[in-house]
Amino acid sequence: AARETMSTSELAMTYAALILSEEGAEINNENLLKVTAAAGITVEPYWPSLFAKLLSVKSVDDLITSVGSVGAAPVGAVAAAGGAAEEKAPEPEPEEEEEVEEEDMDFDLFD
């Protein structure tokens with residue numbers, strides 16, 4: 001059976017990692033525990049080390065941008081590759097949309 005909800009500790013670690021990342025602070029056991037302690041949350045002792053280990057291999061930004069993308073490498077594969085930097089393909093330039101003037105339409109929404 002698949003888990004449907006995150007535990008309070010897991011959610012607290014997620015928010016703590018996001019806060020540390022946003023502030024540009026190092027994401028390690030000590031800092032994760034400081035953030036959760038400041039919030040008055042006690043977490044199981046294994047969560048900070050799991051998050052710190054994961055986020056030493058892959059940044060929070062990388063995890064956020066790869067959510068739901070096909071072909072995202074699992075953390076174990078990245079670690080097995082020695083944490084080699086991934087080559088990024090150039091982003092395609094956005095296509096300009098043609099603006100349609102209201103006069104070109106055969107109807108008026110408020111008539």
Side-chain contact test, heavy atoms from C-beta onward, threshold under 4.5 Å: evaluate it for Leu32 versus Thr36 and give yes or no. no

Indicate every side-chain donor-acceptor pair of residues 12-28 with a distance under 3.5 Å to a residue at least two apart or in another chain.
residue: Thr14; atom: OG1; partner: Glu10; partner atom: O; Å: 2.9
residue: Asn28; atom: OD1; partner: Glu30; partner atom: N; Å: 3.3
residue: Asn28; atom: OD1; partner: Asn31; partner atom: N; Å: 2.8

Rounded to the nearest 0.5 Å, what separation is found between the CG atom of Asn29 and the NZ atom of Lys53? 11.0 Å

